[in-house]
Amino acid sequence: MHDLEAPIGIFDSGIGGLTVAKAVSDLLPAENLLYFGDTAHMPYGEKSSSAIQAYSIKICNLFLNRKVKAILIACNSASTAAFDLVKEYVGSKAQVFNVIDPMVAYVAQNYPQQKVGLIGTKQTVGSNVYQKKLDATNTGVQLQALATPLLAPMIEEGFFQNNISASVVANYLESESLAGITSLILGCTHYPLIKTEIEKFYNNSVTVLDSSQTVALAMKEQLDALNLLQTNQQHEGAYHFYVSDYTRSFEASTRIFFGKEVVLEHYPLWD
Ligand code: DGL
């Protein structure tokens, strides 16, 4: 039996998952959140599946020690490489969510028979995880995917909404692999931070699909169905952030996203 006051643990390799954590906090303001940014191992997208699995299990151990009721893998690369393993590892101790399934369901429902683009890390794109899950929906979505490995480190370094990010984005999006798409999945949780540059590149002729709200809504519905949501809706959720390596950009982004005093704790994963 879970304590309804128990926190929800959310993790990513860095600031990307904050886009998802923000959507969760907007939708579920009464929930307590723990956030882990594994900045020491960023970028996950360049790592092997087994390395990402090892980091994910260590982060989940911290969350389980803090008695979370749910874990949200707010990273496409870790959702790709480690979701099944984490789910099995965590078992009945907490509900486990990823950022891919809600987006796949959304695209299958809203873009059947269409050419849909996907950008993400090498890990996510190379695994074909979106393609496989979309194929299983039998909706005739034709996925055109491109790995864009420079984007997450660029964003993590604070290069977004400026001319450098706009030009890197343009370089990638001009690729033949994305020709003729009607919509584009942001298959990395860092990318909502450059959504404006992407929309500008397409002159708003392509719909840019950011998964954060879809993911937050899917988690809310499932926790609600399981009677796991905080019952005292007047409660103001408390947030605790952990980073495996302290970075200025993490602290700055956390303050920008959450706009209030946040607790930021350095928590080296190898301890
Ligand atoms: N934000 C992560 C994702 O959604 C990955 C960025 C990285 O560490 O490579 O894939």
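One-based numbering, in listed order, for ligands and for the atoms of each.
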| task | Please collect all ring-ring contact (aromatic ring centres under 6.0 Å, His included) contacts where either partner lies in residues 54-107, sequence neighbours excluded, each pair once. | result | H41-Y55, Y44-Y55
| field | Those atoms of ligand 1 less than 4.0 Å from some heavy atom in S13 | value | 5 (C), 6 (C), 7 (C), 8 (O)
| field | Atoms of ligand 1 close to M42 [distance to a heavy atom under 4.0 angstrom, numbered from 1] | value | 8 (O)
| query | Can you tell me which residue and heavy atom of the protein come closest to atom 3 (C) of ligand 1, and the distance to 0.1 Å? | reply | N76 N, 3.2 Å
| query | Side chains of I8 and N32: does their closest heavy-atom pair fall under 4.5 Å? | reply | no
| task | For S77, take its heavy atoms, then give the atoms of ligand 1 lying under 4.0 Å from any of them. | result | 3 (C), 5 (C), 10 (O)
| field | Short N-O contact, E5 and K67, less than 4.0 angstrom | value | no
| task | Show which atoms of ligand 1 fall inside a sub-4.0 Å distance from at least one heavy-atom site of A152. | result | 6 (C)
| field | Closest protein heavy atom (residue, atom, distance) for atom 7 (C) of ligand 1 | value | Y44 N, 3.3 Å
| field | Atom indices of ligand 1, in the order listed, that fall short of 4.0 Å to a heavy atom of P43 | value | 7 (C), 8 (O), 9 (O)
| Has ligand 1 got any nitrogen or oxygen that is less than 3.5 angstrom from a nitrogen or oxygen of G45? | yes
| said: What I want to check is whether the side chains of T121 and S77 have a donor and an acceptor closer together than 3.5 Å. | reply: yes
| Which atoms of ligand 1 sit under 4.0 Å from any heavy atom of D12? | 1 (N), 2 (C)
| request: List for me each residue that meets salt bridge (Lys or Arg N to Asp or Glu O under 4.0 Å) alongside E46, sequence neighbours excluded, and say none if there are none. | output: K122
| query | ligand 1 versus T121, non-hydrogen atoms closer than 4.0 Å: side chain, backbone, both, neither? | reply | side chain
| Heavy-atom check, side chain of Y35 versus side chain of F250, under 4.5 Å | yes
| For the side chain to side chain contact (heavy atoms under 4.5 Å, CB included) test, which of D26, T19, V20 pairs with K22? | D26
